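Since this is a predicted model, take the numbers as computed values, not measurements. Residue indices begin at 1 and follow the sequence shown.
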Amino acid sequence: MKSPLIDRLLLPGMMAIFLLLSLAYWWLENVPHEIFGTAMFAFLAWHIVVNRLWFKNLFRGRYDGRRTLVLALNLLLLVNMVILLITSIVISKLLFSALPIPDSIYLREVHWFSAYWVMMIVGIHLGLHWVRVMTLSRSILGLSANSASRTMVLRVIAVLLAGLGAWSFSVLGVWTKLIFTYSLDVWNFKTSVTPFFGHWASIVALPAILTHYSMTLWRNRKRHRSDDRLRNPQGEEVQEGVAQV
């Protein structure tokens with residue numbers, strides 16, 4: 001029997017955790033890095049199997065703006081994951097070290113470049129499905145629907161978290177790595193560990209928050225335009241007639 005919790009929340013959550021742990025390479029070093037990375041790909045394969053109907057329905061139904069965006073985002077994420085998997089095998093020092101593949105510093109840079117973009121795409125993906133995530137979270141925690149005061153508090157928290165994410169971009173030098181610029185900046189895990197994961201959590205939250213509120217604004221504007229057309233269809237005809245003249 002399928003469980004919505006496992007299908008919709010646990011699998012993406014486990015993938016995100018293992019991906020985040022994999023980024024702490026200079027703390028965990030190579031062996032845990034490869035183990036966590038392999039576990040992430042295993043959960044990814046499971047996630048694809050669970051959501052195989054999505055692939056079957058790609059050529060069914062109508063594509064609006066949101067569905068087109070989700071498709072493009074998922075394809076971009078899939079491409080990055082394939083690059084991440086291939087480069088992982090090539091530069092492996094443990095699990096695939098027996099393969100007769102020469103080491104490559106360039107492919108190591110591609111590997112990190114792809115990993116950083118995966119984190120960004122995951123954040124956008126989270127923002128597109130934010131309502132579903134919140135609905136599942138409320139169901140699991142037994143919370144009632146949002147009240148006006150709680151919504152305001154959550155929005156304030158979102159603004160603060162977005163600001164922290166923007167600051168964390170600078171602290172971890174993420175932008176430099178996203179444009180494939182070589183950098184020697186690495187986190188000093190001898191000084192602290194927990195802040196590293198906090199910075200990355202806020203970095204993923206930033207595109208999620210921006211995507212969620214951008215989509216909310218877009219839907220509201222679309223709804224208002226639709227309402228205006230329903231309220232004033234004659235005015236629309238007049239405008240069309242003037243435009244033709």
Side-chain angles (χ1 to χ4, degrees), residues 5-6 8-48 73-74 76-85 87-88 91-92 94-95 108-130 132-134 136-137 140 157-158 160-178 183 185-212:
L5 173 60
I6 294 177
R8 300 177 185 177
L9 194 60
L10 180 59
L11 288 179
M14 293 303 295
M15 284 189 293
I17 290 172
F18 282 121
L19 181 59
L20 189 58
L21 288 172
S22 297
L23 289 173
Y25 181 88
W26 302 110
W27 176 49
L28 299 171
E29 297 184 350
N30 185 70
V31 174
H33 174 79
E34 292 198 24
I35 292 174
F36 288 139
T38 303
M40 182 200 68
F41 283 115
F43 277 106
L44 175 62
W46 187 9
H47 183 65
I48 291 174
L73 189 68
N74 286 341
L76 187 59
L77 181 59
L78 183 60
V79 168
N80 270 275
M81 282 297 189
V82 170
I83 294 174
L84 201 60
L85 177 60
T87 54
S88 297
I91 67 177
S92 173
L94 175 68
L95 300 178
R108 292 181 184 276
E109 291 297 316
V110 172
H111 181 75
W112 281 107
F113 170 77
S114 181
Y116 275 67
W117 270 108
V118 164
M119 297 297 289
M120 297 300 101
I121 299 171
V122 166
I124 298 173
H125 186 80
L126 180 63
L128 286 173
H129 297 87
W130 190 253
R132 182 186 300 176
V133 172
M134 289 296 99
L136 284 170
S137 299
I140 293 167
I157 293 175
L160 295 175
L161 190 57
L164 179 60
W167 176 57
S168 297
F169 253 80
S170 175
V171 171
L172 295 182
V174 174
W175 178 249
T176 301
K177 297 176 176 65
L178 288 176
S183 175
D185 294 335
V186 293
W187 184 265
N188 186 2
F189 287 101
K190 294 181 179 179
T191 303
S192 60
V193 174
T194 304
F196 173 83
F197 296 104
H199 281 303
W200 265 114
S202 62
I203 287 172
V204 173
L206 177 59
I209 292 168
L210 293 177
T211 300
H212 170 65

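- Shortest non-hydrogen contact noted between L161 and A205 is CD2-CB, 3.5 Å.
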**OP:** Mind running side chain to side chain contact (heavy atoms under 4.5 Å, CB included) on F41 and S88 for me, showing each step along the way?
**Re:** CA-CA 11 Å; F41 283 115; S88 297; 4.1 Å; yes

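- In this pair, H129 and H125 present their aromatic rings tilted. The plane angle is within the 30 to 60° band.
- You'll find the side chain of L206 reaches within 4.5 Å of the side chain of L210, heavy atoms only.
- Between atom CG of residue L77 and atom CG of residue L84 there is a gap of 10.0 Å, rounded to the nearest 0.5 Å.
- Remark: the backbone N or O of H111 is not paired with any side-chain donor or acceptor of S114 at under 3.5 angstrom.
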Scan the side chains in residues 10-36 for donor-acceptor partners under 3.5 Å anywhere in the protein, sequence neighbours excluded, and list what turns up.
| residue | atom | partner | partner atom | Å |
| --- | --- | --- | --- | --- |
| S22 | OG | F18 | O | 2.7 |
| N30 | ND2 | E34 | OE2 | 3.0 |
| H33 | ND1 | S22 | O | 2.8 |
| E34 | OE1 | S92 | OG | 2.8 |
| E34 | OE1 | L95 | N | 3.1 |
| E34 | OE2 | S92 | OG | 3.4 |
| E34 | OE2 | K93 | N | 2.8 |
| E34 | OE2 | L94 | N | 3.2 |

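- Within the model, atoms CG of L44 and CE of M40 stand 6.5 Å from one another, a figure rounded to the nearest 0.5 Å.
- Counting heavy atoms of neighbouring residues, nucleotides and ligands inside a 6.0 Å radius, atom CH2 of W112 exceeds 12 of them.
- A side chain to side chain contact (heavy atoms under 4.5 Å, CB included) with Y116 is found for exactly one of N80, I203, V174, namely V174.
- Summarising the geometry of K177 relative to L172, their closest heavy-atom pair is NZ-O, 3.4 Å, with the distance given to 0.1 Å.
- Side-chain contact between I83 and W117: absent, with no pair of heavy atoms (C-beta onward) separated by less than 4.5 Å.
- Side-chain contact check for L178 versus F169: some heavy-atom pair is nearer than 4.5 Å.
- Smallest separation of non-hydrogen atoms from T211 and P207: OG1-O, 2.6 Å.
- Looking at V82 and L85, their side chains never come closer than 4.5 Å, going by heavy atoms from C-beta outward.
- Residues V122 and M119 form no side-chain contact, since every pair of their non-hydrogen atoms from C-beta on lies 4.5 Å or further apart.
- The OG1 atom of T87 sits 11.5 Å away from atom CD of E109, with the distance rounded to the nearest 0.5 Å.
- Contact annotation: the side chain of M81 never approaches that of L76 to less than 4.5 Å [non-hydrogen atoms, C-beta and beyond].
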Original post:
Between W167 and H199, is a side chain to side chain contact (heavy atoms under 4.5 Å, CB included) present by the stated rule, with each step listed?
Top reply: CA-CA 9 Å; W167 176 57; H199 281 303; 3.4 Å; yes

